[in-house]
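Before any comments, here is the structure.
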Amino acid sequence: MDKVKIALAKGRTADIAIEMLAQVGIVFRDYSKNSRKLVFKDTSGQVEMILVKSGDVPIYVEKGAADVGVVGKDVLLEEEADIFEVLNLKFGQCRMCVCGKKDYELSFNRKLIVASKYPNIAKNYFDGKGIHCEIIKLNGSVELAPIIGLADVIVDIVESGKTLKENHLEVLKDIYDISARLVVNKVSLKTKSEIIKSLISRLEELTLKGEFQ
Ligand code: PRP
């Protein structure tokens with residue numbers, strides 16, 4: 001029987017994905033949230049799980065270092081890897097938005113300065129709208145940029161909206177609905193078709209029950 005290697009985005013995504021996998025019979029006994037271990041085997045010995053930085057999940061899967069991965073749609077949109085996105089796992093729901101100071105008007109007449117942890121998403125969005133922009137790549141605390149005048153607007157994840165509210169910013173445009181996705185290496189889907197398709201259909205059934213959102 002084929003073995004399958006699954007890459008999970010470290011943190012909350014991995015915690016929930018591991019709970020989902022347990023419900024479909026793939027159990028990692030030695031996993032605990034606070035452990036620093038990065039490689040785990042399931043109780044059947046058929047599935048190996050690796051924990052990687054979320055932004056690295058697509059490349060692990062594209063290169064075949066993992067057959068399957070679980071990662072946010074935000075990362076998939078940003079990284080544009082050559083992999084199959086096969087299932088919306090429905091958890092980790094949030095929105096990718098353009099945000100700025102209240103009532104800020106997006107203008108076509110001058111260059112817009114945009115700060116984001118997601119430079120490709122931001123560039124694609126404004127190019128698509130015909131808005132000339134300069135993207136400033138930041139690694140976090142993006143909400144600061146419009147407040148201190150580093151950028152006109154930001155492109156970022158909004159979940160509860162608390163960060164925006166506490167920094168007196170608001171959503172100017174919704175761009176995408178984001179949630180965790182199951183992705184598969186293109187070759188593995190053919191060579192390990194039986195085990196991977198069975199995994200997809202078991203997880204799909206689970207998402208239809210709506211317990212993980
Ligand atoms: C993310 C995101 C927003 C915030 C949105 O940041 O970039 O800043 O969460 O969540 P909310 O709508 O529930 O407030 P993260 O917590 O990853 O921290 P960072 O600023 O270091 O990137």
Side-chain angles (χ1 to χ4, degrees), residues 7-20 31-36 38 50-61 69-81 85 88-104 106 112-129 131 133-183 207 210-213:
L8 302 182
K10 266 191 217 170
R12 202 169 155 266
T13 303
D15 295 340
I16 298 175
I18 286 163
E19 278 180 44
M20 291 184 87
Y31 175 78
S32 78
K33 286 182 189 176
N34 301 322
S35 160
R36 302 289 292 167
L38 298 171
I50 56 173
L51 293 178
V52 306
K53 273 275 199 195
S54 71
D56 294 337
V57 170
I59 196 71
Y60 274 84
V61 175
V70 175
V71 68
K73 179 71 178 174
D74 53 331
V75 172
L76 296 177
L77 289 164
E78 181 63 20
E79 301 302 329
E80 294 179 347
E85 180 188 322
N88 183 349
L89 293 167
K90 305 269 175 72
F91 71 85
Q93 291 185 17
C94 52
R95 297 176 293 152
M96 182 68 67
C97 303
V98 180
C99 310
K101 287 187 181 160
K102 198 169 180 307
D103 300 329
Y104 182 88
L106 291 170
L112 191 70
I113 314 286
V114 183
S116 186
K117 288 189 278 190
Y118 303 93
N120 293 328
I121 294 175
K123 181 96 178 71
N124 289 339
Y125 175 74
F126 287 110
D127 281 356
K129 296 277 171 213
I131 297 178
C133 68
E134 176 191 333
I135 309 291
I136 298 176
K137 161 86 163 74
L138 295 178
N139 295 300
S141 302
V142 182
E143 289 80 3
L144 253 184
I147 299 172
I148 60 160
L150 175 67
D152 299 313
V153 295
I154 61 174
V155 168
D156 201 17
I157 294 289
V158 178
E159 196 177 347
S160 65
K162 191 164 183 273
T163 313
L164 287 182
K165 194 162 180 241
E166 293 193 1
N167 290 290
H168 312 292
L169 300 174
E170 65 178 27
V171 172
L172 303 173
K173 289 266 184 269
D174 266 303
I175 312 183
Y176 296 109
D177 287 330
I178 304 293
S179 57
R181 308 293 161 104
L182 187 70
V183 293
T207 59
E211 285 169 30
F212 291 90
Q213 286 194 15

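Source: prediction; values computed, not measured. Counting starts at 1 for both ligands and their atoms, in listed order.
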Pairs under 3.5 angstrom, nitrogen or oxygen on both sides, ligand 1 versus protein: list them out, please.
from, atom 1, to, atom 2, distance (Å)
ligand 1, 7 (O), Lys117, NZ, 2.9
ligand 1, 7 (O), Asp156, OD1, 3.0
ligand 1, 7 (O), Asp156, OD2, 2.7
ligand 1, 8 (O), Glu143, OE1, 3.3
ligand 1, 8 (O), Glu143, OE2, 2.6
ligand 1, 8 (O), Asp156, OD2, 3.4
ligand 1, 12 (O), Glu159, N, 2.8
ligand 1, 12 (O), Ser160, N, 3.1
ligand 1, 12 (O), Gly161, N, 2.7
ligand 1, 13 (O), Ser160, N, 2.8
ligand 1, 13 (O), Ser160, OG, 2.6
ligand 1, 14 (O), Thr163, N, 2.9
ligand 1, 14 (O), Thr163, OG1, 2.4
ligand 1, 20 (O), Ser141, N, 2.8
ligand 1, 22 (O), Lys117, NZ, 2.4

Quick one: side chains of residues 173-180, donor-acceptor pairs under 3.5 Å with protein atoms, not counting sequence neighbours, listed by atom name and distance.
from, atom 1, to, atom 2, distance (Å)
Asp174, OD1, Arg95, NH1, 3.0
Asp174, OD2, Arg95, NH1, 3.0
Ser179, OG, Asn88, OD1, 2.7
Ser179, OG, Arg181, NE, 3.1
Ser179, OG, Arg181, NH2, 3.2

Worksheet item: Which atoms form the tightest heavy-atom contact between Leu182 and Leu89, and what is the distance?
Response: N-CD1, 3.9 Å
Discussion item. Testing the basics here: between Leu169 and Glu143, what is the closest heavy-atom pair and its distance to 0.1 Å?
Written reply: CD1-O, 3.5 Å
Worksheet entry | Donor-acceptor pair, side chain of Glu79 and main chain of Asp56, under 3.5 angstrom | no
Discussion item. My understanding is that only residues two or more places apart in sequence, or in another chain, count here; which of them pass side chain to side chain contact (heavy atoms under 4.5 Å, CB included) with Glu78?
Written reply: Tyr118, Pro119, Asn120, Ile121
Would you be so kind as to tabulate the donor-acceptor pairs closer than 3.5 Å made by side chains of residues 149-160, with sequence neighbours excluded?
from, atom 1, to, atom 2, distance (Å)
Asp152, OD2, Ile113, N, 2.8
Ser160, OG, Lys162, N, 3.1

